[in-house]
Amino acid sequence: ALGRTPAARLLSSRTRASIPSLSPTGAQPLIAKVRNFPRVGLRMLSDTSKAEEKKPEEEQEAAKAEEPSEEPKPSVRGSEQAVGEESNFEFKTETRQLLDIVAHSLYHDREVFVRELVSNASDALEKARHTALTSNSGEDVGELNVTITVDPTDNLFAIHDNGIGMTKEELVENLGTIARSGSKAFINQMSESSAGQSDIASNIIGKFGVGFYSAFMVSEKVSVFSRKRGADKGHCWTSSPGTDNYTLSEAEGVEFGTKIILQLRADAKEFSSLSRIEEIVTKYSTFVGFPVLCNGKKVNEVQALWLKSEKEISDEEHSMLYKHISQDWEEPQYKLVYKTDAPLDIKSVFYAPKLNMEKFGMGKTDPGVHLYSRRVLIQSNAKNILPEYFRFVSGIVDSEDLPLSISRESMQDQKLLVKLQTVLTKRLIRWLEDEAKKDEKAYMDFYGNFGIQVKMGVASDFANQQALAKLLRFPSSAAPDSESTNFQAYVERMKEGQDTIYYIIASSRQVAESSPYYEAFKRAGLEVLYCYNEHDEIVLGNLQKFGDKQIKSIEVVEPPSLPNNENADGKEEEAKEALSEEQGKKLTDWMQDALGSRVTEVVTTSRLVDSPAIISEHDNVITRRMMQMQEFKQLGVDKPAAYKLLVNPTHPLVLALDKARESNPDTAKLVAEQILDNAVISAGILDDVRIMLPRLTDLMKAALDK
């Protein structure tokens, strides 16, 4: 039932997994979010339940109220009609084969014909507006708009603009020649006549002159009625797919502008559906600069905010745009309006959400940034605009001079695309860094949701690795349990002469601080970062350095040496009983023989305080788990490396073991093996603790026999 609710449909936005994949525990925050679903959504759910409880008489009254109104629907066929003698023309430069390519092979999806026709209509409106502003006629163009009407009964689609319109000669020139772009010619004319016409040029969408012919993908017949503003007569242009000619005649009842009527093919009936056309217009043409009406209803309500000054955009407008492009019901966590002219002219807006749906098992999120050119959608969920680790970011990137393919469905210049990604990625990293500086607490909320994506960037994006590293946060021995720190703050607190940032992988703060590897660093007063996720081993292993400082695990690095009886404050500590150098050598030699091939070497160490032993030179957890994979076993790398065992000569257990190796060698061997396994457990890499059970049984029996 959840999958059928409006709330669930929103929850599944931009994800490919299903609701049932949620675990009971992971679903709790999500359920809380659903409980906070906007009131309108709750009303929808409430109304649904109430409808099910209606009595028969109430249902009859409701049915009457829902009956279609008698108001007439907008008519596809208006007052315009062809009159007089038709003249036959052949397409001037291209053949029927080329027209077939344009109409049937150029575009990947037939629905883009709506985008192309709306774009052409918008260009015509822009030309009319500009002409009225620059001419001396004082003509009032009135309210300029694009009107789309559909008739499912007769399978018709029509689009009308009250723009500049075309004369008979312009119909022949613009529609009779394939790949003839009236918009491009208009831009060139403006450029030649005045150097200050950049605004009009930037508002013209069409460039290639083939968009009109996309209508042939879905039509049996295409009729174009057009009347130039200021002209007395209109004309009708007609052609059909599969022919290499068209007809032209005068027409009556033609309003200023251009109207295109498509007699749709039988297999294209979906495009006579009002809801389908509204969906397509909303998808591709929401942000065109003029109202788009579908059967009298305006469908492009959201503004192209990225074209406005950042200071002019209200929070409400940001909220509306964010919810439109992301299908989220929450407000965005962060927002950014970014404009630049290198490597090409870019106007963009980006949003970071409050919630990471991937955390709830909702599947991998699709990229959330859409590519536009002059406010018209070119590519939704564009994969190459930002690196994959920024897939949670929603936004729009709009450029006036994108090197597009002729179908306007992709970029042609891949090198330029790489440069575009580089510029935008660097800006987004700086954006998040700035937000962290503004409000660290709010940033930690964001990091709690999307820290995993930041770490993915550090591990994979070597070009931006150092910049991304500034966004990382970790608990620290120098900070309270409720706080985290960053590398820059760590470096500022480093002791004089210290050149390494230290960290430990542990499941919790308690485990980290009880680790034998931490003892010497605590004694020396050195700060250690606590990493609670095993993947941090990969992230920091790839990072290796922050600035000129090394980043190393305390499990694989020797701590700074201090005199045996001093701590970090230089105060003397109470002397402990210890094995002599000779006793230590005899004990470690004996232990190496007793432990056999499981160790490479056994030596005494002064780095331990409260623990009897640790291992070093061992594989980390990630490496050992990879060894257990079948692929690695087939390569013969399924055996972990032997350990180097470091023994604490002051620990009571080690002192007792030294005595027991002569008085009770069998039990001493069991203890030596257990000391090694305890050290392996402390390193977090014991593959299977069950191997210890027989030995523990023998040790307990030996203890009870005394």
Side-chain angles (χ1 to χ4, degrees), residues 504-520 522-523 554-555 564-565 573-619 621 624 639-706:
I504 182 173
I505 305 294
S507 58
S508 67
R509 189 183 189 96
Q510 181 180 6
V511 172
E513 293 180 345
S514 62
S515 169
Y517 295 96
Y518 177 65
E519 293 175 3
K522 180 180 180 181
R523 180 170 176 253
I554 62 175
E555 294 185 15
N564 285 340
N565 295 330
E573 296 178 338
E574 182 180 349
K576 297 180 180 179
E577 180 184 357
L579 295 175
S580 66
E581 185 175 346
E582 182 180 355
Q583 289 174 318
K585 182 69 170 62
K586 290 181 178 180
L587 175 63
T588 54
D589 288 346
W590 175 84
M591 291 183 70
Q592 188 158 351
D593 289 339
L595 297 173
S597 62
R598 293 191 64 194
V599 294
T600 57
E601 186 179 8
V602 182
V603 297
T604 58
T605 181
S606 61
R607 67 175 288 176
L608 295 173
V609 180
D610 300 317
S611 301
I614 58 171
I615 59 171
S616 66
E617 301 178 4
H618 55 279
D619 300 314
V621 177
R624 293 179 70 86
K639 294 182 179 180
Y643 312 111
K644 179 179 180 179
L645 183 63
L646 308 181
V647 179
N648 180 3
T650 66
H651 196 278
L653 179 59
V654 175
L655 295 173
L657 178 63
D658 183 53
K659 296 176 181 178
R661 68 184 175 86
E662 293 183 351
S663 61
N664 192 353
D666 292 338
T667 301
K669 186 176 184 297
L670 293 175
V671 171
E673 291 175 347
Q674 192 61 47
I675 287 176
L676 174 60
D677 277 344
N678 288 355
V680 176
I681 291 174
S682 296
I685 60 173
L686 186 65
D687 297 325
D688 192 345
V689 297
R690 289 174 294 184
I691 62 174
M692 298 190 306
L693 296 180
R695 184 192 314 124
L696 290 174
T697 300
D698 291 341
L699 284 171
M700 289 187 289
K701 182 177 182 299
L704 293 174
D705 287 343
K706 287 186 177 180

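Taking both residues in full, the closest heavy atoms of Arg523 and Val609 are given as CD-CG2, 3.8 Å, listed atom of the first, atom of the second, then distance. In terms of heavy atoms, Tyr518 sits closest to Ala512 at CB-O, 3.5 Å. Across every non-hydrogen atom of Val602 and Gln592, the tightest pair is N-OE1, 3.5 Å. Smallest separation of non-hydrogen atoms from Ser611 and Pro516: OG-CB, 3.2 Å. Closest approach of Tyr517 and Ala683 over heavy atoms only: OH-CB, 3.6 Å.
Taking the side chain as every heavy atom from C-beta outward, Ile681 and Met692 approach each other to under 4.5 Å. In this structure, the side chains of Lys644 and Val599 stay at 4.5 Å or more apart for every pair of heavy atoms. In this structure, the side chains of Thr600 and Tyr643 stay at 4.5 Å or more apart for every pair of heavy atoms. For the pair Leu579/Thr604, no side-chain contact is recorded, criterion being any heavy-atom separation below 4.5 Å from C-beta on. Between Asp666 and Asp698, the closest side-chain pair of non-hydrogen atoms is not below 4.5 Å. With contacts defined as side-chain heavy-atom distances shorter than 4.5 Å, the pair Leu587/Arg661 qualifies.
Under the rule for a side-chain hydrogen bond (donor to acceptor under 3.5 Å, both in side chains), Arg607 has no partner lying at least two apart in sequence or in another chain. Under the side-chain hydrogen bond (donor to acceptor under 3.5 Å, both in side chains) criterion, Glu513 pairs with Arg509, Tyr530, not counting sequence neighbours. Taking the salt bridge (Lys or Arg N to Asp or Glu O under 4.0 Å) definition, one finds that Glu673 meets it with Lys669, Arg695, sequence neighbours left out.
Between Asp677 and Arg598 there is a salt bridge, since a side-chain N of the basic residue sits under 4.0 Å from a carboxylate O of the acidic one. Of the charged side-chain nitrogens involved, none lies within less than 4.0 Å of a carboxylate oxygen, so that Glu581 and Lys585 do not count as a salt-bridged pair.
Atom CD1 of Ile615 sits about 14.0 Å away from atom CD1 of Ile675, to the nearest 0.5 Å.
Side chain of Gln583 to backbone of Ser580: a donor-acceptor contact under 3.5 angstrom is found.
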